[in-house]
Protein chains: 2
Amino acid sequence: MTGTERPSLVEQCRDNGWRITGQRRVILDVIEKTDDHPDVEELHRRIRGIDPGVNIATVYRTLNKLADENLIERHMFDDGRLRYEPAPDAHHDHFIDVETGEVIEFVSEDIERMQDEIARKHGFEIVSHKLEIYVKRRP
Amino acid sequence: MTGTERPSLVEQCRDNGWRITGQRRVILDVIEKTDDHPDVEELHRRIRGIDPGVNIATVYRTLNKLADENLIERHMFDDGRLRYEPAPDAHHDHFIDVETGEVIEFVSEDIERMQDEIARKHGFEIVSHKLEIYVKRRP
DNA sequence: TTTGCAAGTGCGAATCATTTGCAACAAAGA
DNA sequence: TCTTTGTTGCAAATGATTCGCACTTGCAAA
Ligand SMILES: [Mn+2]
Ligand SMILES: [Mn+2]
Ligand SMILES: [Zn+2]
Ligand SMILES: [Zn+2]
């Protein structure tokens with residue numbers, strides 16, 4: 001018994017009433033294969049590897065639309081460029097290795113819980129949050 | 001018995017061998033009076049209130065120099081503009097009220113501790129981190 | 001299948017925050 | 001006071017992202 005699979009990005013976009021163009025097919029394909037946190041230029045590079053005709057403005061527009069509908073997740077780490085990943089099944093936060101630039105995901109139920117607690121203590125309700133831990137490999 | 005006071009920014013800059021110009025005097029003064037998290041434009045506005053002749057390029061250059069020496073702290077919240085605050089006595093993290101834009105500081109020893117723990121578990125040493133919690137006032 | 005048309009695209013120009021080159025200026029030590 | 005450099009103002013450059021617009025195309029209705 002495998003769990004119910006999430007519909008493909010193409011299907012989700014169709015459900016949203018978007019037109020499935022050749023460009024979008026390629027862009028969505030590349031995003032679905034993504035297992036890291038590429039910036040727009042890198043995504044465009046991967047997309048051009050399949051269809052060299054896709055303009056970067058189209059990539060930007062499509063990423064924005066997808067992020068607006070929470071079909072992908074947008075990040076901005078300290079290098080100042082937008083990075084993207086497919087919408088994760090469950091929330092996670094990130095280590096960023098300052099020496100290699102590598103991004104590593106982690107989950108800490110404990111930290112999540114304490115955030116709720118401290119927010120409540122201040123009379124707040126959490127809308128979203130971002131925990132980025134910049135790290136070095138321990139010698 | 002009052003604790004030892006931190007030398008003024010002007011003194012710290014002089015210690016670093018920087019020339020204390022009229023512009024810097026004003027910029028450092030404004031920063032020292034800062035108890036919020038203004039962006040460059042807002043800082044420039046406050047500075048111009050004292051000396052209208054200070055150019056915004058000078059403000060940018062001075063802020064960069066100060067941040068390089070850790071005499072002030074630089075942030076980039078989700079609005080995409082750099083914000084600054086005087087170097088805090090002790091580390092803290094931030095709530096950002098998504099409805100008002102207000103930035104509220106908080107400290108959680110527990111969260112800090114759990115970050116150390118999870119980093120260690122992954123074989124990392126923490127260089128720095130950023131925890132931003134976007135919140136709404138609880139109804 | 002064809003057609004109509006709003007949504008989508010390519011391309012170059014515009015934006016916007018931030019940085020930089022350079023000539024003129026002015027701290028600060030001698 | 002003189003000299004040496006670090007600083008400044010200004011305007012132009014940057015770099016990532018967005019936008020305007022004419023052209024194209026997906027796709028629903030005929
Ligand atoms: Mn991730
Ligand atoms: Mn703060
Ligand atoms: Zn989290
Ligand atoms: Zn912290």
Side-chain angles (χ1 to χ4, degrees), chain A residues 9-31 37-45 47-48 50-69 71-84 101, chain B residues 8-31 37-48 50-69 71-84 101:
Chain A
L9 273 181
V10 168
E11 288 174 276
Q12 294 184 71
C13 290
R14 214 194 302 275
D15 290 348
N16 280 12
W18 304 358
R19 292 188 181 171
I20 308 305
T21 66
Q23 290 91 330
R24 282 187 179 167
R25 242 178 253 286
V26 178
I27 294 170
L28 298 175
D29 243 44
V30 166
I31 292 172
H37 301 76
D39 62 19
V40 181
E41 202 184 333
E42 170 59 22
L43 278 170
H44 187 218
R45 187 174 304 122
I47 289 159
R48 278 190 337 236
I50 300 174
D51 177 350
V54 180
N55 193 278
I56 195 162
T58 300
V59 176
Y60 272 108
R61 278 189 282 237
T62 305
L63 291 171
N64 282 338
K65 256 182 106 96
L66 290 165
D68 286 349
E69 302 294 334
L71 300 180
I72 61 177
E73 209 164 89
R74 191 203 323 259
H75 303 289
M76 169 120 141
F77 302 139
D78 274 2
D79 64 356
R81 271 170 284 129
L82 295 172
R83 295 172 173 277
Y84 293 87
Chain B
S8 74
L9 273 180
V10 167
E11 288 174 276
Q12 294 185 71
C13 290
R14 215 194 303 275
D15 290 348
N16 281 11
W18 304 359
R19 291 188 183 171
I20 308 303
T21 66
Q23 291 91 329
R24 281 186 180 166
R25 243 179 252 286
V26 178
I27 293 170
L28 299 175
D29 244 43
V30 166
I31 291 172
H37 301 76
D39 62 20
V40 181
E41 201 185 333
E42 170 59 22
L43 278 169
H44 187 219
R45 186 172 304 122
R46 296 179 192 178
I47 289 158
R48 278 192 336 236
I50 300 174
D51 178 348
V54 181
N55 193 278
I56 195 160
T58 300
V59 177
Y60 272 109
R61 277 189 282 237
T62 305
L63 291 171
N64 281 337
K65 258 184 105 108
L66 290 165
D68 286 349
E69 302 294 334
L71 300 180
I72 60 177
E73 209 163 89
R74 194 204 320 259
H75 302 290
M76 169 118 142
F77 301 138
D78 274 1
D79 65 355
R81 270 168 286 130
L82 296 172
R83 295 172 173 277
Y84 293 88

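This one's a predicted model, so the numbers in the text were calculated from it and none came from an experiment. So that the names make sense, note that chain A is the first sequence line, chain B the second, and so on, each numbered from 1.
Summarising the geometry, the separation between CG on B/Asn16 and P on D/dG6 is reported as 15 Å, rounded to the nearest angstrom. Remark: C1' of D/dT5 and CH2 of B/Trp18 are 17 Å apart, rounded to the nearest angstrom. Atom CD1 of B/Ile27 and atom P of D/dT7 are 12 Å apart (whole Å). For the pair B/Arg14 CZ and C/dA27 P, the computed distance is 12 Å after rounding to whole Å. In this structure, A/Ile20 places its CD1 atom 12 Å from C1' of C/dG8, rounding to the nearest Å. The interatomic distance linking B/Asn55 (CG) with C/dC22 (P) rounds to 18 Å, in whole Å. Computed from coordinates, the A/Leu66 CG to C/dG8 C1' distance equals 14 Å when rounded to whole Å. One atom, CZ of A/Arg48, and another, P of C/dC11, lie 12 Å apart when rounded to the nearest Å.
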For side chain to side chain contact (heavy atoms under 4.5 Å, CB included), just list the numbers for A/Ile20 and A/Arg25, CA-CA rounded to whole Å, side-chain angles, deciding distance to a tenth of an Å, and then say yes or no. CA-CA 7 Å; A/Ile20 308 305; A/Arg25 242 178 253 286; 3.6 Å; yes
Yes or no on side chain to side chain contact (heavy atoms under 4.5 Å, CB included) for B/Leu66 and B/Trp18, after CA distance, side-chain angles and deciding distance? CA-CA 11 Å; B/Leu66 290 165; B/Trp18 304 359; 3.7 Å; yes
Any chance you could lay out the side chain to side chain contact (heavy atoms under 4.5 Å, CB included) test for A/Leu28 and A/Leu71, step after step, and finish with the verdict? CA-CA 10 Å; A/Leu28 298 175; A/Leu71 300 180; over 6 Å; no
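OP1 and OP2 of D/dG6 both lie 4.0 Å or more from every side-chain N or O belonging to B/Thr21. Within the 4.0 Å cut-off from OP1 or OP2 of C/dG10, at least one side-chain nitrogen or oxygen of A/Gln23 is found. Regarding contacts with the backbone of D/dT7, a side-chain N or O of B/Lys65 is found under 4.0 angstrom from either OP1 or OP2. A sub-4.0 Å separation between OP1 or OP2 of C/dT19 and a side-chain N or O of B/Tyr60 is absent. A sub-4.0 Å separation between OP1 or OP2 of C/dT18 and a side-chain N or O of B/Asn64 is absent.
Atom CZ of B/Arg46 and atom CD1 of B/Ile27 lie 14.0 Å apart (nearest 0.5 Å).
Checked for salt-bridge contact, A/Lys65 and A/Glu69 miss the test: no charged N lies under 4.0 Å from a carboxylate O. In summary, A/Glu11 and A/Arg14 do not engage in a salt bridge, as defined by a charged side-chain N under 4.0 Å from a carboxylate O.
Sequence order on DNA chain D of the closest nucleotides to B/Ala57 and B/Gly17 puts B/Gly17 first from the 5' end. Looking at which nucleotide of DNA chain C each of A/Thr62 and B/Arg81 is closest to, the 5′-most match is held by A/Thr62. Place B/Ile56 and A/Ile56 on DNA chain C by their nearest nucleotides, and A/Ile56 ends up nearer the 5' end.
Here A/Leu82 lies in heavy-atom contact (under 4.0 Å) with sugar-phosphate atoms only. Using a 4.0 Å heavy-atom distance criterion, B/Asp39 is classed as making no nucleic acid contact. Within 4.0 Å of A/Gly53, counting heavy atoms only, lie sugar-phosphate atoms of the nucleic acid but no base atom.
Below the 3.5 angstrom threshold, one finds no donor paired with an acceptor across the side chain of A/Arg25 and the base of C/dG8. Counting distance only, with no hydrogens placed and no angle test, the side-chain atoms of B/Arg19 and the base atoms of D/dG6 include a donor-acceptor pair under 3.5 Å. Below the 3.5 angstrom threshold, one finds a donor paired with an acceptor across the side chain of B/Arg61 and the base of D/dG9.
Pairing for D/dA30 goes to C/dT1, judged as Watson-Crick or G-U wobble with the two contacts each under 3.5 Å.
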